[in-house]
Amino acid sequence: MHVHFLDPYRPRPSLVHQLDPRIKLVLTLSFILTTALMPQGAWPVYILLLAVMISVVLLSELGTGFVLKRSALAFPFVLAALPLVFTGPGPSLGETMLGEWTLRISQPGLERFLSIAFKSWISVQAAIVLATSTPFPQLLVALRAIKTPRLLVAIFGLMWRYLFVLADETLRLIRARAARSGVSAQGEVKPGGSMLWRARVTGGMAGSLFLRAFERSDRIYMAMASRGYDGEVRMLPLPALKPVHWVILGAGMVLFAVLLAIAYLL
Amino acid sequence: MLASPVPMHIPDGFLSVLVSVTLWIVSVLVIAYALKRVNADLDERRIPLMGVLAAAIFAAQMLNFTVVGGTSGHLMGAALATILLGPWAAILVMTSVVGIQALIFQDGGLLVLGANIFNMGIVGVAVSYAAYQLTRTLLRDTRRTVLIGGFVAAWLSIFITSLSVALQLALSGISPANIAIPAIGGIHALIGIGEGLITVSALGFILAARPDLVRNGMARPVGGKVVLGVGLGAALLLAVLSPLASAHPDGLERVAEQQGFLSAARTPAFTMIPDYVFPGVSNQNAATILAGIVGTVLVFAVALGIAYTRRRKPTPTTEK
């Protein structure tokens with residue numbers, strides 16, 4: 001079994017997929033920044049933002065269901081903002097009794113909580129579209145275009161290249177552990193020793209994974225050195241951007257600026 | 001799958017723009033310095049090593065063990081990376097791990113990536129380094145000391161990182177400090193034990209099989225004193241600041257209010273929830289909603305139009 005399912009890239013013949021990765025990265029980051037800069041509770045503009053996002057998802061032909069399912073990833077974190085609902089200032093919207101506590105639902109708190117949840121949800125969608133519509137090597141090109149240091153990009157690239165190899169390695173370790181550990185058919189018999197023992201086993205697996213990674217990196221270095229690697233990371237020059245790309249970039253920026261202006265001025 | 005159950009990767013939308021941008025700047029400066037340091041080492045072998053180890057840390061996060069009931073412990077890896085690679089390379093490795101998690105797996109946001117790198121990459125590594133080195137200096141440098149140092153480093157890295165996350169959330173006005181800090185810190189004081197146990201067992205395994213690796217990692221960390229100082233400082237500052245902030249949330253909240261609730265005050269046109277009725281909508285707001293709906297329909301129409309014209313053409317589909 002291989003863990004290629006880890007790669008989120010989904011090839012589609014869509015316009016979003018064909019867009020230059022540099023433009024896509026900058027537009028995604030600007031969209032997320034625009035979302036973050038929105039004042040809270042500007043619901044009509046939020047709806048417009050959502051509309052822009054859904055249009056991009058539709059254009060990308062990734063499937064709205066797919067994007068929605070993936071975007072649920074960020075939801076557990078919403079818990080961190082939940083106290084806002086009860087501790088915010090301002091008029092109360094009602095009280096709930098929870099055991100001995102009386103929870104007072106604050107109206108600005110609730111509004112702020114919903115704004116945060118919405119912003120987070122929509123930003124995650126933008127990131128999902130970027131990751132699923134752009135092959136990773138192209139993202140690396142985009143990262144270089146926005147002046148990420150070469151060495152860092154090289155480490156990113158190597159990490160990506162060996163991520164799947166090491167994830168396979170990990171799966172083999174996990175399978176070996178599962179094969180050696182009996183599971184009782186009776187539910188009440190707990191499998192696998194004490195917690196300390198389980199942690200020890202897992203730690204041993206992690207240690208063995210690290211050793212294998214060390215040894216693999218030695219072999220990789222040898223292979224690179226024999227092909228002329230001298231410590232310098234060389235990369236192909238970036239292809240020039242076409243005028244149409246600049247137009248798309250400009251249009252996107254204008255759209256974001258207009259949305260921000262509506263939110264603040266209206 | 002790879003989604004971390006630990007609320008350590010902050011998603012977008014949870015930190016105020018000011019906090020995100022500040023931490024981006026700090027992270028970029030530290031990464032630039034770390035790159036310089038690693039380059040100064042002139043050991044070309046380290047580049048593939050860092051890439052593959054970053055992948056290993058990512059993959060090692062798939063390893064988990066049952067703690068109680070449905071919860072499971074797993075690895076963040078900052079302490080292990082620091083002990084094996086030294087602080088500067090570990091910062092780069094953790095930056096790569098956190099960066100790829102955000103870029104590819106949406107584990108953590110992009111605008112707040114600077115903050116996530118700061119928490120897990122910089123604070124985590126600096127604290128681990130300080131704890132590990134101090135333990136080894138205070139006790140005699142034996143095999144057992146390495147293991148004790150590893151446990152302390154791993155536990156502290158998780159705990160202090162979580163305090164840093166909680167403080168940033170409080171500063172952004174997301175969670176009140178008196179709730180966020182005890183809650184997040186308390187959970188991670190427990191999760192840290194899992195991290196510590198795994199780190200110690202992994203170190204024990206590596207010490208038995210390749211003791212040279214553990215020695216090499218800390219052999220000559222250039223500028224190690226700086227990291228030690230920063231790590232110690234960060235740990236002490238956060239450890240002192242957090243109970244203070246948690247006991248007197250007013251100060252933090254005032255900052256948060258100025259940042260967060262101010263923007264609410266700035267836009268009275270959008271207070272769609274009037275004081276007297278919650279679901280009710282006044283006329284003026286109905287108009288803005290209508291405008292929103294019209295705008296939405298327009299945007300949709302354009303998007304669907306473009307999609308439709310493209311659908312007509314038989315395009316070669318490369319299904320996975």
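Chain A is the first sequence line, chain B the second, and so forth, proteins listed ahead of strands; every chain is numbered from 1.
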Is it the backbone or the side chain of [X] that comes under 4.5 Å from a heavy atom of chain B, or both, or neither?
{"X": "A/Leu29", "value": "side chain"}
{"X": "A/Glu215", "value": "side chain"}
{"X": "A/Leu139", "value": "side chain"}
{"X": "A/Leu33", "value": "both"}
{"X": "A/Ser208", "value": "both"}

Where do [X] and [Y] come nearest, in terms of heavy atoms and distance?
{"X": "A/Leu209", "Y": "B/Ala56", "value": "CD2-O, 3.6 Å"}
{"X": "A/Leu166", "Y": "B/Val52", "value": "CD1-O, 3.3 Å"}
{"X": "B/Leu49", "Y": "A/Ser217", "value": "CD1-OG, 3.2 Å"}
{"X": "B/Phe205", "Y": "A/Gly207", "value": "CD2-C, 3.7 Å"}

Nearest 0.5 Å, what's the [atom1]-[atom2] distance between [X] and [Y]?
{"X": "A/Phe31", "Y": "B/Leu110", "atom1": "CZ", "atom2": "CG", "result": "12.0 Å"}
{"X": "A/Phe214", "Y": "B/Leu85", "atom1": "CZ", "atom2": "CG", "result": "5.5 Å"}
{"X": "B/Leu111", "Y": "A/Ser30", "atom1": "CG", "atom2": "OG", "result": "10.5 Å"}
{"X": "B/Ser96", "Y": "A/Leu163", "atom1": "OG", "atom2": "CG", "result": "11.5 Å"}
{"X": "A/Ile116", "Y": "B/Ser16", "atom1": "CD1", "atom2": "OG", "result": "10.5 Å"}
{"X": "B/Ile198", "Y": "A/Thr202", "atom1": "CD1", "atom2": "OG1", "result": "5.5 Å"}

So which residue, [options], ends up with the most heavy-atom pairs under 4.5 Å with chain B?
{"options": "A/Leu151, A/Leu173, A/Asp218", "value": "A/Leu151"}
{"options": "A/Lys119, A/Met205, A/Glu169", "value": "A/Met205"}
{"options": "A/Leu130, A/Leu37, A/Leu143, A/Val201", "value": "A/Leu37"}
{"options": "A/Ala154, A/Ala131, A/Gly203", "value": "A/Gly203"}
{"options": "A/Ala117, A/Gly204, A/Ser123, A/Ala213", "value": "A/Gly204"}

What part of [X] is in contact with chain A, defined as an atom under 4.5 angstrom from a non-hydrogen atom: side chain, backbone, both or neither?
{"X": "B/Leu80", "result": "side chain"}
{"X": "B/Val97", "result": "both"}
{"X": "B/Ile193", "result": "neither"}
{"X": "B/Leu169", "result": "side chain"}

- Query: Do A/Arg200 side-chain atoms and B/Ala202 backbone N/O form a donor-acceptor pair below 3.5 Å?
  - Reply: no

- Counting N and O atoms only, with roles assigned by atom type, does the side chain of B/Gln106 sit under 3.5 Å from a partner on the main chain of A/Val124, one being a donor and the other an acceptor?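 No: the side chain of B/Gln106 does not pair with the backbone of A/Val124.
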
So [Y] and [X], do their side chains get closer than 4.5 Å, heavy atoms only?
{"X": "B/Leu213", "Y": "A/Leu211", "value": "yes"}
{"X": "B/Ile104", "Y": "A/Phe136", "value": "yes"}
{"X": "A/Tyr162", "Y": "B/Pro48", "value": "no"}
{"X": "B/Ile100", "Y": "A/Met159", "value": "yes"}
{"X": "A/Tyr221", "Y": "B/Ile47", "value": "no"}
{"X": "A/Phe210", "Y": "B/Ile57", "value": "yes"}

Among [options], residue most engaged with chain A (heavy-atom pairs, under 4.5 Å):
{"options": "B/Gly13, B/Ser201, B/Ala209", "value": "B/Ser201"}
{"options": "B/Ala55, B/Ser20, B/Gly108, B/Ala166", "value": "B/Ala55"}
{"options": "B/Ile31, B/Leu53, B/Thr95", "value": "B/Leu53"}

